[in-house]
Number of protein chains: 2
Amino acid sequence: MGKVTIKDVAREAGVSISTVSNALNDVDVLNPETKSHVLEVAKRLNYVPNLNGKLLKSGTTKMLGFFTTSVAGPYFYTLVESMSRECDRLGYGLNVFVTTDKQIIMSNILGGRVDGVVIFEELRIDDQDIAAMEKNKVKAVFLDRVIRSEGMGSVIFDSYEAGYEATRYLISLGHRKIAYISGVDTMFDSVQRKEGYLAALREAQFPVDEDYILQGYFEEEGSYNAVKSFIHNHPGKLPDAFLAGNDLSAIGCIRALKSLGYDVPNDISVVGFDDIDIAQYFSPPLTTVRNQIARQGMLVVNHLVRMIQNKEQGKVEKLAGELIVRGSSHIKLSRPS
Amino acid sequence: MGKVTIKDVAREAGVSISTVSNALNDVDVLNPETKSHVLEVAKRLNYVPNLNGKLLKSGTTKMLGFFTTSVAGPYFYTLVESMSRECDRLGYGLNVFVTTDKQIIMSNILGGRVDGVVIFEELRIDDQDIAAMEKNKVKAVFLDRVIRSEGMGSVIFDSYEAGYEATRYLISLGHRKIAYISGVDTMFDSVQRKEGYLAALREAQFPVDEDYILQGYFEEEGSYNAVKSFIHNHPGKLPDAFLAGNDLSAIGCIRALKSLGYDVPNDISVVGFDDIDIAQYFSPPLTTVRNQIARQGMLVVNHLVRMIQNKEQGKVEKLAGELIVRGSSHIKLSRPS
DNA sequence: CATTGTGCTGAAAACGTTTTTATGCTAATT
DNA sequence: AATTAGCATAAAAACGTTTTCAGCACAATG
């Protein structure tokens with residue numbers, strides 16, 4: 001009553017195991033009668049090939065791995081959803097590993113359990129790991145991180161451009177004192193958005209005041225606290241607008257402003273990034289730069305599969321954001337004095 | 001420059017492959033010097049064991065599989081997040097398969113790539129599949145679906161109880177004409193909620209009017225349309241309250257009511273299920289029955305691992321919901337006539 | 001009639017591990 | 001001195017497949 005193997009099928013059908021294998025894998029060399037007989041027996045015995053044996057021999061898994069620290073939140077699920085859809089379309093399975101354990105990550109990446117991997121940048125895979133991956137000829141595509149290696153590709157959201165455009169938009173509304181609520185400084189996205197913001201300020205020849213750069217850690221709570229304490233500690237430096245590192249930060253920011261009696265957008269404009277699904281339900285609905293997450297997921301899988309199948313080289317693909325104007329931003333009114 | 005195998009390490013270190021294996025797996029039988037020498041060589045060669053070979057032999061993977069049709073939305077990501085956290089804690093990896101391809105599903109479940117599986121009920125695994133799983137002694141836990149088989153367990157949200165409690169709550173507010181917006185009739189949850197609703201009505205000795213049961217398909221759009229056309233087609237049968245099959249349906253319902261000029265909750269109360277994160281941000285904030293998703297994820301993994309490690313039998317674990325009262329429900333006021 | 005080709009099937013090797021068993025050596029026991 | 005015990009290592013079997021190659025029967029060719 002243990003697992004039924006190819007041997008059992010062979011014995012039961014009165015043929016050799018190679019014949020069974022050929023029948024199951026549609027190798028066109030068998031007598032049709034033999035083949036159908038074998039298939040019939042296999043079905044009757046409820047035979048399912050053991051994948052480990054299969055893979056060990058063939059070396060290919062038709063599986064892609066996605067390694068990430070988390071799947072929580074709209075960004076991730078949209079990404080995973082679109083990646084798996086594209087995988088399905090291309091005849092691959094998607095395998096999501098949610099872990100921070102470096103050991104597990106590397107042994108799965110290098111251990112030959114998947115044909116290629118997608119790696120989310122926050123997993124800080126270091127140069128040594130990358131060297132090991134190169135040595136083993138692992139096909140990899142990084143999300144939001146640029147790797148200079150021919151075996152590896154990247155698909156990144158152009159956060160610099162997004163930060164730049166969002167800031168220019170706020171300037172076009174007449175705002176001058178624009179504060180930035182930063183995310184996590186070790187993350188590529190966060191840094192790039194800030195750089196874009198700074199570039200737009202410089203271009204408009206506005207002074208850059210370091211005080212106007214707050215730390216919100218990409219979280220609602222962090223942003224809420226940062227805004228409150230900033231306004232408390234810097235009376236007379238009230239900004240015209242806040243550019244928040246992501247939508248959650250924007251929500252935290254708006255809540256803080258409301259709690260202090262300010263009106264968004266009439267007193268102060270707030271703009272976020274990502275366009276998570278809460279954005280449109282929030283009150284006021286959020287103006288934000290949409291990150292085309294689904295498209296990113298599709299591209300990343302597509303690129304990886306091309307690398308695997310056509311031996312294509314890895315390259316860097318950039319994705320532009322899209323400004324979605326909603327209710328949280330408003331043209332600057334001169335205050336009734 | 002191909003992959004480096006245990007043989008390469010053995011040759012390089014001048015020992016046999018069994019010695020290498022023993023050194024790597026901490027089998028306490030080797031001369032410490034030999035062991036450290038082997039480890040040193042392995043490290044130098046960047047050796048990583050091939051998982052397929054390893055699994056083929058040992059038969060255990062320390063991996064759990066989660067099979068689902070989708071990971072989109074707050075329900076799923078909360079679930080996956082909590083499952084992977086619990087897996088980490090117990091020394092397992094979690095492997096998420098997002099697919100609807102029955103072939104892929106069954107070959108992965110039965111193919112020995114994971115030690116146990118969690119199956120989301122919407123994948124309609126039929127009796128034949130289950131028989132095959134039983135035959136192969138697959139350890140499985142189903143989410144929101146009850147399987148009567150000793151090898152398999154279930155962790156379910158007690159939707160019947162939730163439907164019952166929510167309805168009683170609405171009755172306690174003074175509502176009499178309570179409509180139900182049904183989900184998908186093939187889903188266990190959906191049916192159970194409706195049964196609970198009906199039971200509460202019967203208990204209160206209210207007449208059950210089939211007209212009051214709409215089809216919203218668990219979607220915002222579906223619910224929106226259902227409510228609009230119901231009110232249009234049944235003048236004079238305006239309900240006091242709507243019990244929606246899930247929060248998205250509740251949101252669709254409220255939008256429909258608003259668009260027709262009704263006020264929620266003053267004219268009509270609306271209650272949903274799940275407490276997705278949008279619920280508290282919506283206006284009005286949703287009264288809903290919270291599904292303790294994170295706890296469900298934890299329990300399901302825990303149960304599965306106990307089944308694997310302690311040969312425990314599968315059983316059915318029920319999780320109670322929790323009524324969260326917010327702004328979308330209100331005590332019934334007699335209309336000014 | 002002897003050779004060559006063809007169509008089908010079986011035997012055996014291979015994939016990379018772990019695990020069981022065998023071997024050679026030294027030290028301890030009789 | 002001969003057996004035994006114990007230790008460290010090597011050899012070989014096993015896991016479940018796929019794939020390569022050999023073999024056999026029979027038909028086709030010269």
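Note that the coordinates shown come from a computational prediction; the quantities given were computed from them, not determined experimentally.
The side chain of B:S18 places no N or O atom within less than 4.0 Å of a non-bridging phosphate oxygen (OP1 or OP2) of C:dT20. Side-chain nitrogen and oxygen atoms of B:T5 include none within less than 4.0 Å of the OP1 or OP2 phosphate oxygen of C:dC15. The phosphate of C:dG10 (OP1 or OP2) has a side-chain N or O of A:T19 nearer than 4.0 angstrom. For the OP1/OP2 pair of C:dT18 and a distance below 4.0 Å, the side-chain nitrogens and oxygens of B:N25 include at least one atom meeting the criterion.
Counting to the nearest Å, the P atom of D:dT17 and the NZ atom of A:K3 are 11 Å from each other. D:dC15 atom P lies 18 Å from atom CG of A:L51, rounded to whole Å. As a whole-Å value, the separation of B:K54 NZ from C:dT19 C1' is 14 Å. At whole-Å resolution of the value, CG in A:N22 and P in D:dT17 are 14 Å apart. At whole-Å resolution of the value, CG in B:N136 and P in D:dG16 are 12 Å apart. The CD-C1' distance, from A:E33 to C:dC8, rounds to 12 Å in whole Å. In this entry the distance linking CD1 of A:I17 with P of D:dA14 reads 14 Å, nearest Å. Atoms CG (B:N52) and P (D:dA14) sit 22 Å apart, rounded to a whole Å.
Here D:dT9 is the nucleotide among D:dT17, D:dT9, C:dT17 with the atom lying nearest to any side-chain atom of B:V29.
As judged by a 4.0 angstrom heavy-atom cut-off over every strand, B:L55 is placed among residues making no nucleic acid contact. Nucleic acid contact for A:V27: none, since no nucleic acid atom lies under 4.0 Å from a heavy atom of the residue.
Mapping B:S58 and B:L30 onto DNA chain D by nearest heavy atom places B:L30 at the nucleotide closer to the 5' end. Along DNA chain D, the nucleotide nearest B:P32 and the nucleotide nearest B:L56 are compared for position; the residue whose nucleotide lies closer to the 5' end is B:P32. Heavy-atom nearest nucleotides on DNA chain C were determined for B:S21 and for A:T34, and the one closer to the 5' end corresponds to A:T34.
The number of heavy-atom neighbours closer than 6.0 Å to CZ of B:R295, taken from other residues, nucleotides and ligands shown, is 12 or below.
Using a 4.0 Å cut-off between charged side-chain N and carboxylate O, A:E40 and A:K43 make no salt bridge. For A:K35 and A:D26, the salt-bridge test passes: some basic side-chain N is under 4.0 Å from an acidic carboxylate O. Taking 4.0 Å as the cut-off between side-chain N and carboxylate O, B:D8 and B:R11 count as a salt-bridged pair.
Distance alone, capped at 3.5 Å, places no donor-acceptor pair between the B:N25 side chain and the B:V27 backbone. The main-chain N or O of A:A294 is found under 3.5 Å from a side-chain atom of A:S82 such that the two form a donor-acceptor pair.
Of the residues in residues 109-117 of chain A, none has a non-hydrogen atom less than 4.0 angstrom from any atom of DNA chain D.
Tested against B:I119 for a side-chain contact (heavy atoms from CB on, under 4.5 Å), the candidates B:D129, B:I147, B:I130, B:I109 yield a single pass: B:I109.
You'll find the ring centres of A:F142 and A:F120 outside the 6.0 Å limit.
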